[in-house]
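Here the structure comes first, spelled out in structure tokens, and everything after it is commentary.
Below, read A as the first sequence line, B as the second, and so on, with proteins coming before strands; counting in each chain starts at 1.
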Number of protein chains: 2
Amino acid sequence: MATTAKESTRERILDIALELFTEHGYDKTSLRDIAERLGTTKAALYYHFKSKADILLELHLRLHDIGRVLLEELDAYQTGVERAAAWPTIINRFIDEVAANRELVALHQRNQNALEDLHNSERHRAANEDMEQQFRRLLSSPDIPVATRVRMACSFGAVISGMLTGDLFVDIDTDELTAHVRQAVGDLFR
Amino acid sequence: MATTAKESTRERILDIALELFTEHGYDKTSLRDIAERLGTTKAALYYHFKSKADILLELHLRLHDIGRVLLEELDAYQTGVERAAAWPTIINRFIDEVAANRELVALHQRNQNALEDLHNSERHRAANEDMEQQFRRLLSSPDIPVATRVRMACSFGAVISGMLTGDLFVDIDTDELTAHVRQAVGDLFR
DNA sequence: GTCTATATAGGGATAGAC
DNA sequence: GTCTATCCCTATATAGAC
């Protein structure tokens, strides 16, 4: 977040990629596109990243960092029941993160299949396997009522849909939108 | 839906494409992949469709048909307030449609950027412009409280997320899942 | 309606100079 | 750290025979 005045080239590449990948999609964004916007050439990118997928991976890991923090917090609780009880709190934190990282979330929403290929990357597997499996286990916990688990799944989409459709609510700012989403999602758990 | 015993080649191509586009993504699915699965060659596809994008367009229009029906129903009401009041009912119908067309919905969820390119297609513009604008207008109606509009947006994502994460709830079938989602989403409007 | 063969283009990636 | 030049591959799409 701390955008230093003197930003490293690597950082600038990531910023540009985030923008282009989000707007035009990962597959339709060529390295040439990124290089052009950066004011350099394709080959230069290869000094900083070993492949196109590597750029995407780096961006993906940013979201990983966010998710990991939340899941760790959830992991502090032992039983599924306790975790389900903590969920509303976690979701609230999640809402804040989405608000603070809208473009990053949008990138993930619109490039799901491109992101899936990263699963075969070694570097990603390590970071991911825990997290994803942990998440799956949570949603399949037999000691949480199905109704509750379904609501957990729903809340996820509700947050993203509510926060990212924000362009339509021209009349309100992010803070207000966040508050509304928080309230709406809160009602899913009562 | 009516899968006739003697299915036209065109229909089979669409079915295969739906499957491959959904699983591997539109961009990473080549016409060769489709042709192979069909037991024929690339060139043969061009007899039935004028381009790859045209195949995607055809699939997209199937979802259009569903959306149009729902929006028309909503359009029967005059004011934003009345429409907001009718929303829960519409959403319930939407849930049924998602349940009945899971793969089609998944296709759209995972290929958002590919689908965006269709907006430049003539054939699509006509069918789409009405619908999309109508939808945008609904979510920006000044006579509907913002809180309600945000909830409408949230409900959308909640349905999709709830219904499509269904693979995780191995212990319940579609009907039960549908019922739970219906209840959860219903709570967004009280 | 389906084939073979081919045109054409664009993308990712590498080599090697500077 | 960045450039030029180039390799190589795969993809869409078309032409024209059967």
Side-chain angles (χ1 to χ4, degrees), chain A residues 4-60 111 113-124, chain B residues 4-60 111 113-124:
Chain A
T4 55
K6 187 173 160 54
E7 197 179 23
S8 75
T9 302
R10 186 187 163 87
E11 216 61 44
R12 286 180 55 214
I13 293 172
L14 286 173
D15 287 344
I16 293 171
L18 171 57
E19 197 176 324
L20 295 181
F21 287 171
T22 304
E23 189 170 8
H24 307 297
Y26 174 78
D27 293 289
K28 277 190 259 324
T29 301
S30 71
L31 293 179
R32 207 188 307 273
D33 294 333
I34 297 177
E36 242 162 51
R37 174 88 66 112
L38 183 68
T40 180
T41 65
K42 264 198 310 176
L45 301 178
Y46 280 94
Y47 174 79
H48 300 278
F49 296 93
K50 76 170 211 293
S51 73
K52 183 186 178 187
D54 208 46
I55 300 180
L56 181 63
L57 175 56
E58 204 60 38
L59 290 171
H60 177 57
N111 291 283
N113 33 54
L115 284 158
E116 240 157 66
D117 289 1
L118 295 183
H119 285 14
N120 301 329
S121 140
E122 283 315 312
R123 200 161 143 235
H124 182 250
Chain B
T4 54
K6 186 174 161 54
E7 198 179 22
S8 74
T9 303
R10 186 187 163 88
E11 216 61 43
R12 287 181 55 216
I13 292 172
L14 286 173
D15 287 345
I16 293 171
L18 172 57
E19 197 175 325
L20 294 181
F21 288 171
T22 304
E23 188 169 8
H24 308 297
Y26 174 77
D27 293 288
K28 276 190 259 325
T29 301
S30 72
L31 294 179
R32 204 189 305 274
D33 294 334
I34 298 176
E36 241 161 53
R37 174 88 67 112
L38 184 68
T40 179
T41 65
K42 264 196 316 177
L45 301 179
Y46 281 93
Y47 174 82
H48 300 277
F49 297 92
K50 77 169 210 294
S51 72
K52 185 187 178 186
D54 208 46
I55 299 180
L56 181 63
L57 175 57
E58 205 60 38
L59 291 171
H60 177 57
N111 291 284
N113 33 54
L115 285 158
E116 240 158 65
D117 290 0
L118 296 182
H119 285 14
N120 302 329
S121 139
E122 283 314 312
R123 199 160 143 238
H124 183 249

### Message
L118(A) vs L115(A), test: side chain to side chain contact (heavy atoms under 4.5 Å, CB included). Steps then yes/no.
### Response
CA-CA 5 Å; L118(A) 295 183; L115(A) 284 158; 3.8 Å; yes
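- Atom NZ in K52(A) sits about 15 Å away from atom P in dT14(C), given to the nearest Å.
- The distance between atom NZ of K50(B) and atom P of dT14(D), rounded to the nearest whole Å, is 10 Å.
- Between Y47(B) and dG1(C) there is a side-chain N or O to OP1 or OP2 distance below 4.0 Å.
- Distance, F49(B) CZ to dA11(D) P: 20 Å, rounded to whole Å.
- Heavy atoms of T41(B) sit under 4.0 angstrom from at least one base atom.
- The two residues N113(B) and D27(B) make their nearest non-hydrogen contact at OD1-OD2, 4.4 Å.
- The side chain of Y46(B) approaches dT14(D) more closely than any other nucleotide in the set dC3(C), dT14(D), dT2(C).
- Remark: P of dA11(D) and CG of D54(B) are 20 Å apart, rounded to the nearest angstrom.
- Between the NZ atom of K28(B) and the C1' atom of dA11(D) there is a distance of 14 Å, rounded to whole Å.
- Residue D117(A) comes nearest to K28(B) through the heavy atom pair OD2-CE, 2.6 Å, listed as atom of the first residue, atom of the second, then distance.
- Between L31(A) atom CG and dC7(D) atom P there is a gap of 19 Å when expressed in whole angstrom units.
- Taking the side chain of A43(B) as heavy atoms from C-beta on, and the options dC3(C), dA15(C), dG12(C), the nearest nucleotide is dC3(C).
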### Message
If you apply the rule side chain to side chain contact (heavy atoms under 4.5 Å, CB included), what do you find for N111(B) with L56(B), and how did you get there?
### Response
CA-CA 10 Å; N111(B) 291 284; L56(B) 181 63; 5.5 Å; no
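- Taking atom NZ of K42(B) as the reference point, atom C1' of dT2(C) lies 14 Å away to the nearest angstrom.
- One finds no side-chain N or O of R32(A) lying less than 4.0 angstrom from the OP1 or OP2 phosphate oxygen of dG10(C).
- L45(A) has its CG atom 13 Å from the P atom of dG11(C), to the nearest Å.
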